[in-house]
Amino acid sequence: MLSRQRLVRSGLAGALALSLVAGGVFAQAALTRNPAEVEAGTYKLDPAHGKITWSIQHMGFSTYSGQFTNVSADLTLDPANPSAATLTATVPLADVAPNDDGLKAHLQTPDFFNTAEFPTATFTARTIVVDSSDPSEADVTGDLSLHGVTRSVTLAVKFNQAGPFMGGAYRVGFDGETTINRSEFGIDKYVPMLGDAVELHIEGEFVKQ
């Protein structure tokens with residue numbers, strides 16, 4: 001037979017477990033993958049969960065990939081009028097992570113980014129066209145400024161999920177992708193031996209302000 005003390009401890013543990021389960025169910029229920037249910041407002045990118053992965057053909061031997069980190073971005077959303085959303089992003093080009101210190105240093109030189117003169121790349125959305133058959137997908141077209149050149153670029157964007165994170169701040173997550181030709185931005189060193197086309201995959205979690 002259990003002692004009264006053990007029964008009390010058992011009861012408290014059971015109550016705690018029940019509250020944790022209930023809290024988990026509540027938090028899970030608050031999440032949504034329906035873009036129409038996203039909270040309207042102003043959002044900022046969480047830099048710890050916002051990265052750009054780039055991939056380029058490496059002399060025919062492989063596809064070489066790296067990342068840009070410490071990206072900053074501002075987003076406004078209104079699910080009642082998704083085409084009116086705004087997005088601006090800044091990428092510090094010195095924060096490129098190619099997993100090779102020598103290459104990282106080389107990418108800063110005039111052969112590539114020339115970060116002494118052009119330290120950042122920026123993107124400003126101009127139009128957002130939501131897919132009529134899948135409202136979680138959209139084409140986001142905007143101006144990409146890189147290496148002193150500005151060109152129109154379209155991102156294929158996918159809405160992932162929105163809701164409170166671990167019971168905390170409300171956030172919304174997206175991923176996107178596009179391909180640019182680096183030579184169109186004046187970064188043409190070693191083309192075509194080193195690929196011209198650069199694939200970009202973007203992951204971003206935005207926190208409501």
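Note that the numbering runs from 1 along the sequence shown for the chain.
Atom CZ of R182 sits about 7.0 Å away from atom CG of D188, to the nearest 0.5 Å. With rounding to the nearest 0.5 angstrom, the CG atom of L31 is 4.5 Å from the CD atom of Q161. Once rounded to the nearest 0.5 Å, the distance linking CH2 of W54 with CD of E199 reads 12.5 Å. Rounded to the nearest 0.5 angstrom, L144 CG and T150 OG1 are separated by 7.5 Å. Atom CD1 of I56 sits about 10.0 Å away from atom OG1 of T63, to the nearest 0.5 Å. For the atom pair E205 CD and L45 CG, the distance stands at 9.0 Å (nearest 0.5 Å).
Considering only heavy atoms from C-beta on, V38 comes within 4.5 Å of Y170 through its side chain. Counting heavy atoms from C-beta outward, H201 and D175 have side chains that approach closer than 4.5 Å. Considering only heavy atoms from C-beta on, N160 comes within 4.5 Å of E203 through its side chain. Looking at S145 and F118, their side chains never come closer than 4.5 Å, going by heavy atoms from C-beta outward. For the pair L93/H147, no side-chain contact is recorded, criterion being any heavy-atom separation below 4.5 Å from C-beta on.
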Sequence neighbours left out, cut at 3.5 Å: what donor-acceptor pairs do the side chains of residues 72-80 make with other protein atoms?
{"from": "D74", "atom 1": "OD1", "to": "K44", "atom 2": "NZ", "distance (Å)": "2.5"}
{"from": "T76", "atom 1": "OG1", "to": "T86", "atom 2": "N", "distance (Å)": "3.2"}
{"from": "T76", "atom 1": "OG1", "to": "T86", "atom 2": "OG1", "distance (Å)": "2.5"}
{"from": "D78", "atom 1": "OD1", "to": "A80", "atom 2": "N", "distance (Å)": "3.0"}

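Side chain of Y190 to backbone of M59: no donor-acceptor contact under 3.5 angstrom is found. Within the 3.5 Å criterion, the main-chain N or O of L200 finds no donor-acceptor partner in the side chain of T178. With Q108 contributing its side chain and K104 its backbone, the two residues share a donor-acceptor pair below 3.5 Å.
Open room surrounds CZ on R33; 12 or fewer heavy atoms of other groups in view lie less than 6.0 Å from it.
Residues L194 and L103 share a single hydrophobic cluster, defined by chaining ILVMFWY side chains whose heavy atoms lie under 4.5 Å apart.
Side-chain atoms of T88 and T124 include no donor-acceptor pair closer than 3.5 Å. If you check the side chains of D196 and S183, you find a donor sitting under 3.5 Å from an acceptor.
Sorted by first and then second residue, the pairs that involve residues 84-112 and meet ring-ring contact (aromatic ring centres under 6.0 Å, His included), not counting sequence neighbours, are H106-F112.
Ring to ring, F68 and F113 are close: their centroids are under 6.0 angstrom apart.
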